[in-house]
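Values below: every heavy atom of this structure, side chains too, minus hydrogens, waters and symmetry copies. Each chain gets a letter, A, B and so on, in the order the sequences are listed, and its residues count up from 1. A quick note: this is a predicted structure, and the numbers were derived from the prediction, not measured.
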Amino acid sequence: MLKKLNRYITLLSVSVLLFTLTPLAFAQEAASGSNTIAIDTVWTLMAAFLVFFMQPGFAMVEVGFTRAKNASNILMKNLMDFCIGSIAFWAIGFGIMFGTSVFGLFGKTGFFLSTANPATGEGLWQFAYWMFQVVFAATAATIVSGAMAERTKFPAYLLYSVFICAVIYPVVGHWIWGGGWLGNKGLIDFAGSTVVHSVGGWAALAGAIILGPRLGKYNKDGSSNAITGHNIPLAALGVFILWFGWFGFNPGSTTSGTNLSIATIAVTTNLAAAAGAISAMFTAWLRFGKPDTSMALNGALAGLVAITAGCASVSPLSALIIGVIAGVLVVLSVEFIDKILHVDDPVGAISVHGVCGAWGTLAVGLFAQASYGESSGVGAVNGLFFGGGLSQFMTQLLGVISVFIWVFGAALILFGIIKATAGLRVSKEEELKGLDISEHGMESYSGFQVFTTQ
Amino acid sequence: MLKKLNRYITLLSVSVLLFTLTPLAFAQEAASGSNTIAIDTVWTLMAAFLVFFMQPGFAMVEVGFTRAKNASNILMKNLMDFCIGSIAFWAIGFGIMFGTSVFGLFGKTGFFLSTANPATGEGLWQFAYWMFQVVFAATAATIVSGAMAERTKFPAYLLYSVFICAVIYPVVGHWIWGGGWLGNKGLIDFAGSTVVHSVGGWAALAGAIILGPRLGKYNKDGSSNAITGHNIPLAALGVFILWFGWFGFNPGSTTSGTNLSIATIAVTTNLAAAAGAISAMFTAWLRFGKPDTSMALNGALAGLVAITAGCASVSPLSALIIGVIAGVLVVLSVEFIDKILHVDDPVGAISVHGVCGAWGTLAVGLFAQASYGESSGVGAVNGLFFGGGLSQFMTQLLGVISVFIWVFGAALILFGIIKATAGLRVSKEEELKGLDISEHGMESYSGFQVFTTQ
Amino acid sequence: MLKKLNRYITLLSVSVLLFTLTPLAFAQEAASGSNTIAIDTVWTLMAAFLVFFMQPGFAMVEVGFTRAKNASNILMKNLMDFCIGSIAFWAIGFGIMFGTSVFGLFGKTGFFLSTANPATGEGLWQFAYWMFQVVFAATAATIVSGAMAERTKFPAYLLYSVFICAVIYPVVGHWIWGGGWLGNKGLIDFAGSTVVHSVGGWAALAGAIILGPRLGKYNKDGSSNAITGHNIPLAALGVFILWFGWFGFNPGSTTSGTNLSIATIAVTTNLAAAAGAISAMFTAWLRFGKPDTSMALNGALAGLVAITAGCASVSPLSALIIGVIAGVLVVLSVEFIDKILHVDDPVGAISVHGVCGAWGTLAVGLFAQASYGESSGVGAVNGLFFGGGLSQFMTQLLGVISVFIWVFGAALILFGIIKATAGLRVSKEEELKGLDISEHGMESYSGFQVFTTQ
């Protein structure tokens, strides 16, 4: 009897345990797991919102660094590349970037967000992931408007916006982030020095070449005239907004708030930006005799672009060095593109995003440290300066060259076709009068006396 | 002996389990549960901060779309409606909106945040919830300043600010979100197309009617003159800021970061805004011959306002369609109100917030899909186009009409009383000179030559 | 046999429980614990990003409240104090502030983030903590540029930036937040009314005294001329951005998202700001006859600065009273410093940050309530008005005085040495021409006609 009671009590206790503790623990697992998903979703969305906010950052930089008579036009381009890009990326781009891969070259499924499903956790996550990706696509798209400012036909720019977000950008994205051939080779481009910024920069280069320089930019002897921006406070505001947004761009690229390396990434991002601004300022000071505000602002962007590939793989000190070099590079590149290549890039977009994007991608092959890459999940890779040999650098170089060939080539063809059909450039009269009046029938600063020089 | 030992061991084991595992599991439940509350609080506060940031968004839009001589005045109104609104909503509004219901019409408890208590988790949550709600109240309030710009006496506007945040808005909020009669009927207005935007829009309509048009707005033959804004870059910045803030407004309205439908809501919000901007641009292009920047900017806002009610109930494709229609609607409505009704609304606030808010509320009755509404917690409702019949649409229509009657009526009375007592409109001389000088004794652009036309 | 079976079953069951439930529960503990760390990291980083965004807030306020001919210069100073400050705080400042204490006066370890390690959770947290702290250091630094605007040599400002972020600020930070003597005495300065704002304000006072007033500011009879700002919309935008950033500054200072008092802190912060703006507006209205927009904007900042020390220790009603007093104080202080002390502070930085920072620090000794301080973790302290006697107030007073002596003294010496060596002030010709041209070789508003008065 006692035995039975004993057993009864024991089994009862155990049963109680099994039927209370176990479900409790499983419930806990569920709750804790769903908390993890929630933290990742909250982080990814907040980061996406910050990256979205880079749109007015670009808009203010481009407005500020160009002339008052074209302000509404450039605002409209910045607005529309995001709007058109959002829809093109939803319909086509996201599927090409992240769909089932065709030979590692492009994806072929998931158009119109068709694989996302609001009824499941995985489906809901896909919406969050799309939100994060669409603001990246739009960043690549909007870089181009600055280099093509003050002379591009508005309808031509709308056409361009469709193709960069639907095809040109997503193909690169697939190669590196979407399961494509470059990612499989081990290329590290954590937040997109190449995927986003070089894509924008090389497309800008193609566009600026095909467009030709603004009226009055070059003299008959080949010398270059400075065409100064009309609103430096807005340009500075834009740079600060971009820096702010970059804290979504880089740390957010973990797409996980439970990956604690978001902290290191924020630190490397910040130090590279600071170093870029300082070194660009001193470079300009040495070359031109004065610390030019525009160059310091572009230096901050140069540092940010350059650290974007390696932000999760390098130490704070390396980030600082990468930023310093980017700051020097951007000043020299702006001069080289303007005075040697005679390509007219009103805001320096090719130098900031193309050249410094390439530099940042290569820098991963030099400065990567296994301890940083491991904790962030990028992979325990050492660059050349940390005993890793040349192999990572060569992979990075391959990525830089491949992406240049694809983007520059595709953009040349795209802008060439637009030029031959819809027309790419406004008439001389329209350019002189300003695109606000000629393209949009409005003034940007009604009530102010504005001198529309040249 | 063995039996005893057996029992001893067994009970000991069980005891150990009961005294270690159980508390552990309970501690887990507590930790995991407190994590859930923390995620919800962090999300709700971050969203509230984003919604707060819509204040400078509105300020920049209204400054940019009006004349330079009234810039400081409109900034001051935008600042003060938030400041006064915050205190009025703390003292009175929150209690009317969320207090114990009196016949489903208004609340009667919780004034001065008296039910919130810093010593308990529930009490702390109420502070977070209040923070989220106060920025919504202030959004409704600040919509009106645009429609009444360039001619309203400053003290009159201060008086208005008290009443909209203390009474007019909270009553609607109670009806729909606070346990009142419209919410009980099943009205779906997830983030406030009606509660916030139509309230602002209809109050703006009442204000603009009682004020009358600006000097020089209408000719003797009844034709209308365009009075152009003085700073389109600031207006565009404002729209981008509002779009950014809307990612707090709509996804934040879950007031829960563990509700993963925040991801879908972000997507629908973004697509509707993009579609609204594009369709407003093309509508303006077709009607006026040029793609007007102001109209495209207002189109983005129109899409955002329209998706606000249904953002958690509709698919991305439906969101896009809702946005497209809002973009057409806002252009036609701006023309109709200006040229047919002869109501002078300098920034188009009545069309953007009132008309598109109504459209968005009705659209839920057409486009709602149970799969979206279920996962977001709004409810598994299907609209007319998804097999749900007309009943939801009729409920939405009832809400639109009821809120119009209350808000338009109450605002007419409020502005009527202010006009009859403190005075609502500045003198002709003051209006011509500009409200910056006459009301605030200052210039907004000292050092610049500004032409104060009309 | 049965007994054995009994025991066997029992032990087996228990074993199963011990080997499945226990690890599960421990795994849960780990998962739940890592979620907690993730929430705290996400919150702290997001708050840091918001505080970073205060940089363009300060830049826009200072640009807007000064003259157009000095706009690029002041932007450059705002950019560079953040960039230089970031690197100085990384190399030196953080170690002095949070390193192992030397007699409670300064820290001596942790330079170059040497104690942070990307391979451990604790190490990663240190990166997040540094990110939060560096934006605070830069806030203290950037306050000074406003008071020294329109006449300071650019290289002198760069030198100053190094020292405030490397030494002057971190020493105060160590005293109060880093384990130093004032913190140990029980001083409460939750988010830095004294640590950040008074440090900036008192350094600004020293700088403005040594620099002397701008040309044309004072007449021979000692009367003062108003030198009006050139872009009030940008100044207003700046204030709104600062308010937005303050939601990172104050609630973020928990450096924990699982500390739910972040909600109360957001509420007290918002009410104090609103009250400050309103009371400054009415004070200016009474004294000058019109509700000056600049004063209302400064009133919002005054309220924010004042609530910063006590935001986690006081009730919403107390926050409102603290804000009201700050709003009155800032108007009187601006007049006093301008007209009685004859110190030329173009943007009112000394009054907003120094005076209201001191007021806010003292106010903790008056308004603290144990129920608020306990839940936030600040400590269950009651101020004078809530039965706590004078002791907390005296501690706060000691803090205010000690920090004033250190900062004002150190800054006087610093600016004195700079004046005697590199030179602190531009020439009369440069000042008249504007610092944009003379220091940076550029114009801020190319294409606009700008009158460079005085």
| query | What are the two closest non-hydrogen atoms of C/S446 and A/T228, and how far apart are they? | reply |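 Minimum heavy-atom separation between C/S446 and A/T228: OG-OG1, 2.8 Å.
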| For the student: nearest non-hydrogen atoms of A/P316 and C/L113, plus distance |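 Nearest heavy atoms, A/P316 then C/L113: CG-CD1, 4.5 Å.
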Would you mind checking which part of [X] comes under 4.5 Å of any heavy atom in chain A, side chain (CB onward), backbone (N, CA, C, O), both or neither?
| X | result |
| --- | --- |
| C/I84 | both |
| C/L45 | side chain |
| C/F154 | side chain |

| query | Going by residue number, which parts of residues 231-242 of chain C are within reach of chain A, meaning a heavy-atom gap below 4.5 Å? | reply |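 Listed by number, the contacting residues are C/L234, C/L237, C/I241.
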| request: State which residue, out of A/V267, A/N270, A/L317, fulfils the side-chain contact (heavy atoms from CB on, under 4.5 Å) condition with C/W90. | output: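 It is A/L317, the one option of A/V267, A/N270, A/L317 that forms the side-chain contact (heavy atoms from CB on, under 4.5 Å) with C/W90.
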| Hey, which of A/T264, A/I262, A/L260 is the one that makes side-chain contact (heavy atoms from CB on, under 4.5 Å) with C/F127? |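 Only match with C/F127 under side-chain contact (heavy atoms from CB on, under 4.5 Å): A/T264.
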| query | Is the shortest heavy-atom distance from the side chain of A/S315 to the side chain of C/F112 under 4.5 Å? | reply |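 Contact flag for A/S315/C/F112 side chains = no.
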| Aromatic centroids of C/F82 and A/W243 separated by under 6.0 Å |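 Centroid distance A/W243-C/F82: below 6.0 Å, so yes.
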| query | Between A/F247 and C/F52, does the ring centroid distance fall short of 6.0 Å? | reply |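 Centroid separation for A/F247 and C/F52: below 6.0 Å.
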When rounded to the nearest 0.5 angstrom, what is the spacing between [atom1] in [X] and [atom2] in [Y]?
| X | Y | atom1 | atom2 | answer |
| --- | --- | --- | --- | --- |
| C/I87 | A/L271 | CD1 | CG | 6.5 Å |
| C/E443 | A/T293 | CD | OG1 | 12.5 Å |
| C/N35 | A/I39 | CG | CD1 | 4.0 Å |
| A/M46 | C/W43 | CE | CH2 | 9.5 Å |
| C/L50 | A/L50 | CG | CG | 8.0 Å |

| request: Look at the side chain of C/H440 and the backbone N and O of A/P291, then say whether any donor-acceptor pair between them is shorter than 3.5 Å. | output: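 A pair under 3.5 Å: yes.
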| request: Mark yes or no for whether A/K290, through its side chain, and C/S438, through its backbone, hold a donor-acceptor pair below 3.5 Å. | output: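 Yes, because the side chain of A/K290 sits within donor-acceptor range (under 3.5 Å) of the backbone of C/S438.
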| For the candidates A/L297, A/I278, A/T258, A/V42, which exhibits the highest count of non-hydrogen atom pairs separated by less than 4.5 Å from chain C? |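 That would be A/I278.
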Per-residue contact mode, [X] against chain C (heavy atom under 4.5 angstrom):
| X | result |
| --- | --- |
| A/Y445 | side chain |
| A/S294 | both |
| A/L320 | side chain |
| A/E374 | neither |
| A/F65 | neither |

| request: Report the option among C/E439, C/Q126, C/M80 that has the most heavy-atom pairs separated by less than 4.5 Å from atoms of chain A. | output: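 Top option by heavy-atom pairs under 4.5 Å: C/M80.
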| said: With chain A as the partner, which of C/S72, C/A48, C/G64 has the greatest number of non-hydrogen pairs under 4.5 Å? | reply: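 Most pairs with chain A among the choices: C/S72.
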| query | Taking it one step at a time, do C/F448 and A/Q449 satisfy side-chain contact (heavy atoms from CB on, under 4.5 Å)? | reply | CA-CA 6 Å; C/F448 287 92; A/Q449 189 174 352; over 6 Å; no
